[in-house]
Visitor: 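For reference, the structure I am asking about is given below.
Everything quoted here is computed from the prediction, not taken from an experiment.
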Amino acid sequence: MKKLFFRKSPLDLHGVTYSEVQELVEDYVLLNQRFLPLQIITGNSQGMKNKVTRCLKEHGFSYQIGDAYNKGYIAVLK
């Protein structure tokens, strides 16, 4: 698997409530899509990952959940 290089600081969702996720992810991804790939730190919460991936699907972005060593983030690919 190819290592991803992130040019933009990640969006860290630690401490964020589920009700805030949609707006934060939309703003981050839509305003920074020229810097793809982007990194969204979710931690190990499956609920948080579900909220983020649902939002990314709504906007037509492809993504990858973590890598072999760290499953606590989502990479937004295109």
Side-chain angles (χ1 to χ4, degrees):
M1 180 185 306
K2 181 181 169 189
K3 177 134 175 83
L4 296 172
F5 174 73
F6 302 106
R7 298 183 298 159
K8 186 77 177 161
S9 297
L11 172 63
D12 189 345
L13 297 177
H14 285 103
V16 172
T17 64
Y18 286 164
S19 62
E20 299 172 300
V21 171
Q22 180 83 20
E23 184 176 355
L24 287 172
V25 171
E26 283 177 346
D27 287 350
Y28 177 73
V29 177
L30 295 175
L31 292 173
N32 295 298
Q33 57 189 321
R34 68 187 177 276
F35 298 113
L36 290 174
L38 297 169
Q39 185 180 37
I40 301 173
I41 300 172
T42 60
N44 291 320
S45 166
Q46 190 59 49
M48 188 65 78
K49 289 177 190 174
N50 291 343
K51 293 272 187 189
V52 171
T53 57
R54 188 174 305 123
C55 179
L56 294 174
K57 287 177 188 175
E58 285 177 15
H59 292 282
F61 287 96
S62 62
Y63 58 88
Q64 169 187 315
I65 298 177
D67 58 38
Y69 304 102
N70 181 0
K71 300 290 184 193
Y73 73 91
I74 294 174
V76 184
L77 304 174
K78 57 181 175 173

Visitor: Strictly distance-based, threshold 3.5 Å: is any side-chain N or O of Gln64 a donor or acceptor partner for the main-chain N or O of Gly66?
Guide: yes
Visitor: Taking the side chain as everything from C-beta on, heavy atoms only, tell me whether Asn32 gets closer than 4.5 Å to Val76.
Guide: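 Answer no - side chains too far apart.
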Visitor: Could you check if a side-chain atom of Val25 sits within less than 4.5 angstrom of a side-chain atom of Leu56, using non-hydrogen atoms only?
Guide: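 They are in contact (side-chain heavy atoms under 4.5 Å apart), so the answer is yes.
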Visitor: Do any N or O atoms from the side chain of Lys71 and from the backbone of Asp67 form a donor-acceptor pair under 3.5 angstrom?
Guide: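 Yes: the side chain of Lys71 pairs with the backbone of Asp67.
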Visitor: Mark yes or no for whether Lys8, through its side chain, and Tyr28, through its backbone, hold a donor-acceptor pair below 3.5 Å.
Guide: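 No, the answer is negative, given that no donor and acceptor are paired below the 3.5 Å cut-off.
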Visitor: For a quick test of reading the model, state the closest non-hydrogen atom pair linking Val21 to Val52 and the distance between them.
Guide: CG1-CG2, 4.0 Å
Visitor: Would you say that Lys78 contacts Phe61 through its side chain, given a criterion of any heavy-atom pair below 4.5 Å between the two side chains?
Guide: no
Visitor: Take atom CD of Glu23 as the centre, draw a 6.0 Å sphere, and report whether it contains more than 12 heavy atoms from other residues, nucleotides or ligands.
Guide: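 No, because the 6.0 Å sphere around CD of Glu23 holds 12 heavy atoms or fewer from other groups.
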Visitor: Do Leu11 and Val29 have side chains that get closer than 4.5 Å, going by heavy atoms?
Guide: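 They are not in contact (no side-chain heavy atoms under 4.5 Å apart), so the answer is no.
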Visitor: Would you name the heavy atoms of Asn70 and Gly72 that are closest together and state the gap between them?
Guide: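 Scanning both residues completely, I find the closest heavy atoms to be OD1-N, 2.8 Å.
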Visitor: How many angstroms lie between CD in Glu20 and NZ in Lys51, if you round to the nearest 0.5 Å?
Guide: 11.5 Å
Visitor: Evaluate Ile65 against Thr42 for side chain to side chain contact (heavy atoms under 4.5 Å, CB included), listing each step before the verdict.
Guide: CA-CA 10 Å; Ile65 298 177; Thr42 60; over 6 Å; no
Visitor: Over all heavy atoms of both residues, which pair between Tyr18 and Ser45 is shortest? Give the atoms and the distance, please.
Guide: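 Taking every non-hydrogen atom into account, OH-OG, 3.2 Å.
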Visitor: Hydrophobic cluster membership, with links at side-chain heavy-atom distances under 4.5 Å among I/L/V/M/F/W/Y: are Leu36 and Tyr73 in one?
Guide: no
Visitor: How long is the straight-line distance from CG of Asp12 back to CD1 of Ile40, given to the nearest 0.5 Å?
Guide: 11.0 Å
Visitor: Considering non-hydrogen atoms only, spot the tightest contact between Gly43 and Lys49 and give its length.
Guide: O-CE, 3.4 Å
Visitor: Would you say the side chain of Arg54 lies within less than 4.5 Å of the side chain of Lys57, judging by non-hydrogen atoms?
Guide: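 No. Closest side-chain heavy atoms not under 4.5 Å.
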Visitor: Given the rule that I, L, V, M, F, W and Y join up when any side-chain heavy atoms are under 4.5 Å apart, are Tyr63 and Phe35 in one cluster?
Guide: yes
Visitor: Strictly distance-based, threshold 3.5 Å: is any side-chain N or O of Gln33 a donor or acceptor partner for the main-chain N or O of Leu30?
Guide: yes
